[in-house]
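To start, the structure itself, in structure tokens.
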There are 2 protein chains.
Amino acid sequence: MTDPDAQFAETGGLVKLLIEIAAQAKADFAATVAVLGLPVHLARAIVMLSTPAPMRDLAERLSCDRSYITALADQLDERGLVRRIPGEDRRVKLLALTEAGVAMRDRISRAVAEENMITRRLDADERRALAPLLEKLHDPDAVGAHERETC
Amino acid sequence: MTDPDAQFAETGGLVKLLIEIAAQAKADFAATVAVLGLPVHLARAIVMLSTPAPMRDLAERLSCDRSYITALADQLDERGLVRRIPGEDRRVKLLALTEAGVAMRDRISRAVAEENMITRRLDADERRALAPLLEKLHDPDAVGAHERETC
DNA sequence: TATTGTTATACTCTATAACTATA
DNA sequence: TATAGTTATAGAGTATAACAATA
């Protein structure tokens with residue numbers, strides 16, 4: 001354990017695992033929301049909009065360009081899930097879930113809670129052990145060591 | 001804990017956490033390999049090619065179309081990291097790392113081992129606790145509950 | 001002058017379909 | 001006839017740059 005090479009291998013392996021799990025988790029989420037007729041990026045946005053937010057904020061939280069948020073908002077709007085409401089600063093538009101949007105968000109939550117890789121593969125004790133580790137792993141301010149550029 | 005709603009919330013929260021961490025892990029990995037001049041998908045392929053494999057196999061392991069593997073192989077070939085070698089069945093081509101490819105794979109391993117979100121945020125004990133959980137979480141045969149369609 | 005959102009556009013990743021060579 | 005890889009092409013997702021309205 002004090003052998004640097006061993007720690008190398010150990011950590012490298014963990015990272016590799018985490019990356020693979022990451023890919024699986026995303027595919028899993030994609031499959032779940034596909035049943036609801038949503039691509040991943042729209043589903044993520046809906047989940048983030050539980051409380052109305054300026055488009056700018058969404059761009060930051062998703063770390064993608066403002067122009068892309070316009071596109072997202074258009075798609076969500078077409079589906080009747082979101083509407084733009086004017087901010088007090090009149091340059092700003094808030095994105096808010098419509099009634100249908102709120103219903104969709106609830107369906108997403110329910111679908112994910114019912115069927116996901118964590119409940120599928122871990123029992124209650126293991127989940128309790130995992131929770132604090134994931135919380136520590138999670139950087140609330142996102143953005144990695146090097147800066148993140150993509151969405 | 002026996003309250004279904006509570007378990008709902010608990011599991012839903014864990015899944016959400018896992019998804020966010022997944023996104024971070026990917027971004028983190030992307031930033032790391034970007035320093036080596038590689039986009040994520042090429043880096044993943046290189047890591048998977050530690051042992052030469054038929055293009056078909058790679059397609060399955062990455063769960064993406066054969067045509068895309070052709071494109072991947074072309075890009076890796078252009079960079080001199082991989083070459084196609086004929087299989088015994090003459091329809092088959094194996095993808096094998098060149099010397100430069102092996103060197104690159106080692107650089108990727110080293111870069112990831114040196115700087116990654118796991119060592120950044122977890123101490124040795126926590127990493128030891130995390131390892132078996134990740135292993136259980138990881139489905140070696142990939143493919144979720146619903147079938148995975150995308151790459 | 002700086003900032004918010006929009007438009008037009010282009011690029012990257014990935015898939016589908018049709019094709020060639022081999023089995 | 002079925003399978004491995006390739007080609008041509010198209011679609012989705014996302015970014016960049018220039019722009020209008022507001023601050």
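A note on names: the letters A, B, ... follow the listed sequences, proteins ahead of strands, and every chain is numbered from 1. The model shown is predicted, which means the values in this text are computed figures rather than measured ones.
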For atom [atom1] of [X] and atom [atom2] of [N], their distance in whole Å:
X	N	atom1	atom2	answer
A:Lys26	C:dC13	NZ	C1'	11 Å
A:Arg44	D:dT14	CZ	C1'	14 Å
A:Tyr68	C:dA8	OH	P	19 Å
A:Arg66	D:dT22	CZ	C1'	14 Å
A:Asp65	C:dA8	CG	C1'	13 Å
B:Glu60	D:dG5	CD	P	10 Å

Do you know the tightest heavy-atom contact between [X] and [Y]?
X	Y	result
B:Thr32	B:Ala111	CG2-CB, 3.6 Å
A:Leu94	A:Gly87	CD2-CA, 3.4 Å
B:Ile118	B:Leu130	CD1-CD2, 4.5 Å
B:Leu49	B:Leu95	CD2-O, 3.7 Å

Using a cut-off of strictly less than 4.0 Å between a heavy atom of the residue and any atom of DNA chain C, enumerate the qualifying residues of residues 71-96 of chain A by number.
-> A:Arg84, A:Arg91, A:Val92, A:Lys93
Contacts to DNA chain C from residues 45-59 of chain B, heavy-atom cutoff under 4.0 Å, which residues?
-> none
Decide yes or no on side chain to side chain contact (heavy atoms under 4.5 Å, CB included) for A:Met117 and B:Leu18, but give the supporting numbers first.
-> CA-CA 10 Å; A:Met117 62 186 296; B:Leu18 184 61; 4.2 Å; yes
A:Arg120 and its salt bridge (Lys or Arg N to Asp or Glu O under 4.0 Å) partner, picked from A:Glu114, A:Glu115, A:Glu126 | A:Glu115
Side chain to side chain donor-acceptor pair (under 3.5 Å) filter on B:Thr98, not counting sequence neighbours, yields none
Measure distances between side-chain N and O atoms of B:Ser67 and base N and O atoms of C:dT14, and say whether any donor-acceptor pair falls under 3.5 Å.
-> no
Going by an N to O cut-off under 4.0 Å, is there a salt bridge joining B:Asp74 and B:Arg84?
-> yes
